[in-house]
Amino acid sequence: MTDLEKRKRDFAELVVKSGVNIQKGQRLVLRCPVECADFARLCAAAAYEAGCREVVTHWMDDELNRMKFLHAEDDVFDSVDSWEVDFFDSLSEEGAAFLTIYAEDPESLKGIDPDRIKRATISSGKALESYRKRMMKSECQWCICSVPAKAWAQKVFPDLSVEDAVARLWEEILASCRVDGGDAVRNWQEHSDEIRKHVDIMNEYNFKTLKYKNAAGTDLTVDLPEGHIWAGGEERSTTGIPFSANIPTEEVFTLPDKNSANGTVVATKPLSLNGTLIEGFSFKVKDGKIIEARADKGEDILRDAIAVDEGASYFGEVALVPYDSPISNSGVLFFNTLFDENASCHIAFGEAYPSCLTGGDSMSEEELEARGVNKSMMHEDFMIGSADLEITGITHDGEEVPVFRNGNFVF
Ligand code: ZN
Ligand code: ZN
């Protein structure tokens with residue numbers, strides 16, 4: 001076995017053990033692009049070894065998906081078949097774990113009729129609402145990780161041959177996930193504990209407001225609701241099982257009061273959104289609502305995304321990631337939100353995680369709304385970190401505390 005093959009096996013074990021943390025007798029839903037089947041098999045082997053009851057596979061393919069958007073009959077984008085809804089509902093209801101291997105070509109739907117994309121987003125958002133809510137409330141363990149696919153690797157490393165680009169992307173992914181040939185599960189646990197330190201400090205400050213500013217043009221204030229909880233690293237399902245929803249992760253995050261954001265926020269990295277790259281974009285927000293969205297590229301897709309429902313034009317997450325951190329320092333632009341969000345401070349438009357509010361998991365929709373917790377079928381992180389980003393926290397006593405200076409945590 002070559003060194004890389006060993007590390008791929010270690011990585012599969014990591015996402016199965018520390019990622020979804022599959023339990024004896026539990027089913028695992030494995031969502032994977034067909035191109036990455038080799039890695040899916042490694043994950044399945046690790047899952048069965050850990051006592052998994054059954055691995056249920058859900059295959060995906062960018063090219064078939066693109067063909068559907070190009071050639072299928074128009075009304076198929078307005079509904080989702082009941083068997084597909086049933087698949088996600090019944091497995092999440094029984095408490096299966098969900099592992100998604102995300103390796104999408106960031107431009108897989110480039111040039112597709114935006115109206116088809118918007119209608120498909122809305123119909124699947126509505127049909128899979130119960131499933132999505134269970135995931136957002138951590139009723140099941142879930143994890144998203146990535147392995148290289150050719151089209152994605154070539155987008156990241158356009159000057160390399162396909163083979164070299166895939167090999168290089170494997171190295172970047174494994175390094176960012178602390179898979180170094182040693183004990184990957186222990187490395188991950190240590191990293192997760194490290195993230196907790198900043199989580200604890202942010203929770204102790206219990207800021208009322210965060211103020212963001214940088215030379216790119218971000219000038220934003222946003223309030224955090226009373227009872228907000230900063231999270232990061234390992235989390236716990238409502239059934240009490242620890243898991244890591246993202247591998248890699250570097251972020252410390254919470255939810256904002258949905259009606260409180262005011263000012264301008266400028267993205268500092270492109271965003272792959274619904275198979276299209278959005279570049280050079282910014283939002284103007286007033287009382288929480290995005291009132292203006294501009295983009296140099298992909299503006300129509302961006303506007304459609306924030307218009308799929310009422311909550312899509314409000315924020316649901318604020319996350320802190322030091323500019324000086326491993327993925328950011330790699331200098332690689334991944335065109336994959338799992339990596340780019342963990343190289344940069346970010347905000348999400350759309351749904352908030354109810355678990356980021358004390359007691360939020362058991363609140364009704366009306367209670368959550370009253371507490372300023374955003375609700376939407378979207379949850380899309382966009383990156384706003386920069387080398388000069390300043391974030392200042394304002395406490396409930398009105399004291400101003402530097403949180404980020406020159407792109408990094410002050411403490
Ligand atoms: Zn995040
Ligand atoms: Zn997010």
Side-chain angles (χ1 to χ4, degrees), residues 19 98 100 102 104 121 125 132-138 142-146 176-177 191-192 195-196 198-199 202-203 210 212 218 220 222 224 228-235 243-258 261 265 267-274 278 281 283 288 290 302 305-306 308 311-323 325-328 334-357 360 373-386 389 391 403-404 407 409:
F98 288 76
T100 300
Y102 177 69
E104 195 181 79
T121 308
R132 193 182 60 249
K133 285 214 157 7
R134 284 187 200 105
M135 296 300 123
M136 295 296 283
K137 287 187 172 178
S138 302
W142 57 277
C143 175
I144 301 177
C145 67
S146 292
S176 68
C177 300
H191 168 56
S192 191
I195 293 176
R196 291 301 308 177
H198 281 130
V199 168
M202 291 305 290
N203 279 327
L210 296 178
Y212 291 78
T218 290
L220 182 82
V222 57
L224 306 177
H228 69 270
I229 301 167
W230 288 90
E234 192 176 85
E235 54 195 298
F243 70 102
S244 295
N246 288 180
I247 293 185
T249 186
E250 301 286 336
E251 66 176 328
V252 172
F253 65 97
T254 191
L255 50 75
D257 176 338
K258 65 169 279 198
V265 62
T268 50
K269 287 177 192 285
L271 172 66
S272 172
L273 179 66
N274 293 335
I278 319 293
F281 66 102
F283 295 126
I290 298 171
L302 183 65
I306 61 169
V308 297
S313 58
Y314 289 81
F315 294 156
E317 177 191 338
V318 291
L320 307 176
V321 180
Y323 191 75
S325 65
I327 303 174
S328 173
F334 286 88
F335 302 102
N336 170 320
T337 299
L338 177 61
F339 288 83
D340 294 329
E341 70 158 319
N342 283 305
S344 174
C345 281
H346 56 271
I347 292 178
F349 58 86
E351 182 102 332
Y353 289 99
S355 51
C356 285
L357 191 71
V373 179
N374 196 27
K375 172 187 142 87
S376 171
M377 63 177 71
M378 296 295 290
H379 174 98
E380 205 56 57
D381 293 344
F382 61 96
M383 283 55 81
I384 62 164
S386 63
L389 181 65
I391 305 173
V403 177
F404 263 58
F409 274 110

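In what follows, every heavy atom counts, from backbone to side chain, and hydrogens, waters and symmetry copies are set aside. Order of listing sets the numbers, starting from 1, for every ligand and every atom in it.
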Exercise. At the Zn ion (ligand 1), what angle lies between atom NE2 of His346 and atom OE2 of Glu317, rounded to 10 degrees?
Worked result: 100°

Exercise. With no hydrogens and no angle check, do the side chains of Asn342 and Ser176 hold a donor and an acceptor under 3.5 Å apart?
Worked result: no

For this session: Quick one: report the N, O or S atom of Asp381 that is nearest to the Zn ion (ligand 2).
Result: OD1

Exercise. Taking 2.8 Å as the cut-off, does an N/O/S atom of Glu341 lie below it from the Zn ion (ligand 2)?
Worked result: no

Exercise. Under 4.5 Å between any side-chain heavy atoms of Phe409 and Phe404, yes or no?
Worked result: yes

For this session: Check for a donor-acceptor pair, side chain of Thr268 on one end and backbone N or O of Met383 on the other, with a separation under 3.5 Å.
Result: yes

Exercise. Closest to the Zn ion (ligand 1), which N/O/S atom of Glu251 is it?
Worked result: OE1

For this session: Check the surroundings of atom CZ in Phe243: do more than 12 heavy atoms from other residues, nucleotides or ligands lie under 6.0 Å from it?
Result: yes

